[in-house]
Structure formats: C-alpha cells, structure tokens
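Just so it is clear, the values below take in all heavy atoms, side chains as well, and ignore hydrogens, waters and symmetry mates. Counting begins at 1 with the first residue of the sequence. Worth saying up front: this structure is predicted, and the values here are computed from it rather than measured.
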Amino acid sequence: MFTPKYSITDAIARRLMDIQRASAVVDMLPLPASILDLLKKESMEKTVILSTKIEGNTLDEATTRKVLYQTSDDNEEQEVYNVMKALEYLDEAEKRQLPVTEEFIKKLHAIIRISHGRRPCNSDYREEQNQAGSRNASGFYLPPEWKDAPVLMEDMVAWVNSSETYSVPVPIKAGIFMWQFLTIHPYMDGNGLTARMITTYLLRRGGYGLKGLFVLENFYDRNLAEYYRRLQLGLHHNYYFGRNEADLTLWL
C-alpha cells in the first residue's frame with residue numbers, strides 16, 4: 001500500500017496560497033476566444049519543445065516547430081510529433097474528465113513512445129531492469145526490479161484515486177504522483193515525458209488548468225540540474241535502500 005510521507009511546512013502552505021491566487025487571476029482574465037485559442041496552441045507547442053529538450057532531444061526550436069504535426073522516419077522528429085499527439089489526447093481526456101488509471105497511463109505512453117509502423121494501443125510495463133543516468137555519475141538511479149513495478153504502479157494509482165486523498169491539495173497530490181512515477185520508472189524510456197504530462201493533467205483536472213496556458217516544463221527548464229538534484233533527495237541510488245520510504249517534503 002502506497003502511503004507517502006510528507007509535511008505541509010509553512011513555506012509549502014504559503015506557496016499553495018500563491019498558486020490559488022494566481023489561478024484565480026488567470027481564470028478571471030477576459031480573453032477573447034480567438035486569442036485564448038492562439039495562446040493555448042502556443043503553450044502546447046512550447047510544452048513539446050521544452051519537454052523533448054529536457055529528455056535530450058537535440059533538434060533546435062525552429063526544426064522542432066516544423067515537425068510538430070507530421071510523422072517522420074527520424075527518431076527525434078518522430079518523438080516531437082508523438083508528444084504533440086499525446087497532448088492532444090490529454091486535451092480530449094480532460095473534456096471527458098477521464099481519471100488517471102493504469103490503462104490511461106499505458107495508453108498515453110503508447111502514444112509517446114518512438115515506434116514506426118503500427119503501434120500498440122497500450123504500453124506494458126518494462127520486463128527488465130533499467131536505470132536513470134550513468135553509473136558512477138551524478139544523478140544515477142537504479143529503480144525497483146521490473147517484477148515489483150506493476151504492484152507499485154497499482155498502489156500509486158489506487159492512492160491517487162482513493163477517497164482519502166480528496167482532501168489533499170491538488171498541487172501536493174500532483175507532486176507526489178510525479179515523484180513516485182519517476183521513482184518506479186515503469187518503462188525503459190519515456191518516463192520523464194509521461195510523468196510530467198500526467199502531473200499537468202492532474203493539476204488541470206483539479207482546477208489548476210490556468211486556461212490551458214500553464215507550461216510546467218518552463219519551471220524545470222530554468223534550472224534542470226536542480227530538478228534532477230531534488231529528485232534524488234540525497235538518497236541512496238538504489239530504490240531498496242531508503243527511497244521506498246522517503247520523506248517527500250523537500251521535493252514538494
């Protein structure tokens with residue numbers, strides 16, 4: 001059973017109030033529909049540009065913009081196209097108010113993953129050991145064994161949808177989900193993209209959509225090294241040596 005450990009510190013409480021105020025201001029902006037549509041389109045494109053950059057895509061921004069809406073035999077270009085399709089899927093899911101289930105996660109990852117030709121409707125979790133980063137390098141992480149990943153994912157999703165978490169502030173719930181998803185690392189690749197997308201989706205479903213103008217990746221792009229450092233929380237690189245019972249307050 002997934003029971004995250006964290007505390008709502010004074011600093012976190014102040015930031016939650018800041019988020020609430022900012023959200024209210026954006027929700028009240030008197031934007032014409034045509035302008036809002038243009039801004040939402042730009043936000044989606046910026047999300048793709050930054051998210052693929054964070055994952056190591058080497059295409060420059062101009063090239064990335066050119067391939068947002070077309071398939072390609074080039075893996076990096078195809079990645080860009082896939083991420084845009086995934087964002088479109090999330091837009092449709094939000095309109096239908098779809099919950100975050102394991103099937104939802106698997107379908108989203110199937111859209112994101114780089115493949116050519118016919119792709120599966122759902123991505124199964126990994127069936128071998130993976131790792132994040134290079135061994136003996138800063139940021140190296142060894143996730144749980146593949147056989148433990150399905151149960152950990154099931155427990156995390158159950159926690160997100162449980163009645164006990166209804167009273168948890170949405171930004172806290174989204175932050176915990178992101179950390180735990182990246183900790184489990186359920187896929188061989190595409191974990192970062194999938195985690196950030198679902199985190200944004202949880203915020204949007206919870207009333208923090210900011211009219212579709214919010215780009216979570218802007219925050220991490222400003223200091224990517226700190227993003228990766230905070231994910232580590234100063235813990236042992238092996239999941240089984242403390243990460244499975246970490247206090248997430250510092251991350252939040």
Side-chain angles (χ1 to χ4, degrees), residues 1-9 12-13 15-16 19 90 93 97-110 112 122-133 139 141-208 216 220 227-252:
M1 182 177 179
F2 177 54
T3 307
K5 298 178 183 178
Y6 66 96
S7 302
I8 303 280
T9 63
I12 289 176
R15 285 168 181 159
L16 286 171
I19 291 168
L90 291 180
Q97 284 294 290
L98 296 181
V100 174
T101 62
E102 287 189 86
E103 183 180 6
F104 180 92
I105 292 169
K106 290 178 178 182
K107 184 169 184 178
L108 180 66
H109 186 267
I112 291 172
N122 294 301
S123 285
D124 291 327
Y125 301 137
R126 58 185 167 89
E127 294 185 347
E128 57 184 286
Q129 184 61 50
N130 62 350
Q131 64 184 49
Y141 170 56
L142 197 64
E145 295 178 10
W146 67 267
K147 61 182 177 61
D148 291 336
V151 172
L152 291 168
M153 289 294 292
E154 184 179 22
D155 287 351
M156 178 189 67
V157 170
W159 176 82
V160 166
N161 294 302
S162 69
S163 57
E164 288 81 6
T165 64
Y166 288 164
S167 60
V168 175
V170 174
I172 297 293
K173 184 188 290 190
I176 290 171
F177 171 89
M178 184 175 182
W179 193 88
Q180 183 65 4
F181 187 100
L182 291 171
T183 295
I184 299 169
H185 238 62
Y187 294 105
M188 295 304 294
D189 53 38
N191 292 290
L193 282 164
T194 306
R196 288 191 298 275
M197 282 191 175
I198 298 178
T199 298
T200 298
Y201 182 73
L202 287 170
L203 290 169
R204 288 168 62 172
R205 276 205 68 202
Y208 295 89
L216 180 65
Y220 297 113
Y227 162 49
Y228 289 126
R229 189 181 75 80
R230 290 297 179 118
L231 272 175
Q232 297 300 318
L233 289 179
L235 298 167
H236 193 280
H237 70 268
N238 189 309
Y239 168 79
Y240 297 101
F241 287 77
R243 199 172 293 250
N244 55 332
E245 50 187 22
D247 186 318
L248 305 185
T249 305
L250 185 60
W251 160 253
L252 294 171

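- Using modelled atom types and a 3.5 Å distance limit, the side chains of Glu145 and Tyr240 yield no donor-acceptor pair.
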(request) Give the intermediate values and the outcome of side-chain contact (heavy atoms from CB on, under 4.5 Å) for residues Asp148 and Tyr239. (result) CA-CA 11 Å; Asp148 291 336; Tyr239 168 79; 6.0 Å; no

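- Arg126 meets the side-chain contact (heavy atoms from CB on, under 4.5 Å) test with Gln129, Asn130, Pro143, Pro144, Trp146, Ala149, Met188; sequence neighbours excluded.
- The two residues Gly192 and Leu182 have their closest heavy-atom pair at CA-CD2, 3.8 Å.
- Cation-pi geometry between Lys147 and Tyr125 is not satisfied (NZ or CZ under 6.0 Å from the ring centre, within 45° of the ring normal).
- Taking OH of Tyr166 as the reference point, atom CG of Asn161 lies at 7.5 Å (rounded to 0.5 Å).
- Within 6.0 Å of CD on Glu127 lie no more than 12 heavy atoms contributed by other residues, nucleotides or ligands.
- Inter-residue side-chain proximity for Met153 and Phe181 is flagged as met; some heavy-atom pair is nearer than 4.5 Å.
- Under the 30°/60° scheme for interplanar angles, the aromatic rings of Tyr227 and Tyr220 are found to be tilted.
- Between Leu90 and Tyr201 the shortest heavy-atom distance is O-CE1, 3.7 Å.
- Residues Trp179 and Thr199 form no side-chain contact, since every pair of their non-hydrogen atoms from C-beta on lies 4.5 Å or further apart.
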(request) Starting from the C-alpha separation in whole Å, work towards a yes-or-no answer on side-chain contact (heavy atoms from CB on, under 4.5 Å) for Leu233 and Leu248. (result) CA-CA 8 Å; Leu233 289 179; Leu248 305 185; 4.1 Å; yes

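- Under a 3.5 Å cut-off, the side chain of Tyr187 and the backbone N or O of Ser123 do form a donor-acceptor pair.
- Inter-residue side-chain proximity for Ile176 and Trp159 is flagged as met; some heavy-atom pair is nearer than 4.5 Å.
- Note that CD of Glu154 is 5.5 Å distant from CD of Glu102, once rounded to the nearest 0.5 Å.
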(request) Take Tyr6 and Ile12 through the test side-chain contact (heavy atoms from CB on, under 4.5 Å) and record every step on the way to the result. (result) CA-CA 11 Å; Tyr6 66 96; Ile12 289 176; over 6 Å; no

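- One distance of note links CG of Leu142 with CD of Gln131; it measures 7.0 Å at 0.5 Å rounding.
- A 4.5 Å side-chain heavy-atom check between Gln180 and Ile184 finds at least one atom pair inside the cut-off.
- Here the straight-line distance linking atom CD1 of Ile172 with atom CD1 of Ile19 works out to 8.0 Å at 0.5 Å rounding.
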(request) Determine, step by step, whether Leu152 and Thr183 satisfy the side-chain contact (heavy atoms from CB on, under 4.5 Å) criterion, reporting the C-alpha distance in whole Å, the side-chain angles of both residues, the deciding distance to 0.1 Å, and the verdict. (result) CA-CA 10 Å; Leu152 291 168; Thr183 295; over 6 Å; no

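- Between the Thr249 side chain and the Ser7 main chain, a donor and an acceptor come within less than 3.5 Å of each other.
- Residues Val100 and Arg205 approach most closely at N-NH1, 4.3 Å, considering heavy atoms.
- Going from atom CG of Leu193 over to atom NE2 of His109 covers 8.5 Å, rounded to the nearest 0.5 Å.
- Each of Gln232, His237, His236 was scored for a side-chain hydrogen bond (donor to acceptor under 3.5 Å, both in side chains) with Arg243, with one residue passing: Gln232.
- Atom NZ of Lys107 has 12 or fewer heavy atoms from other residues, nucleotides or ligands within 6.0 Å.
- Of the inter-residue distances, the one linking Lys173 atom NZ with Leu252 atom CG reads 13.5 Å to the nearest 0.5 angstrom.
- In this structure, Val160 and Thr165 have side chains that are not in contact, with every pair of non-hydrogen atoms separated by 4.5 Å or more.
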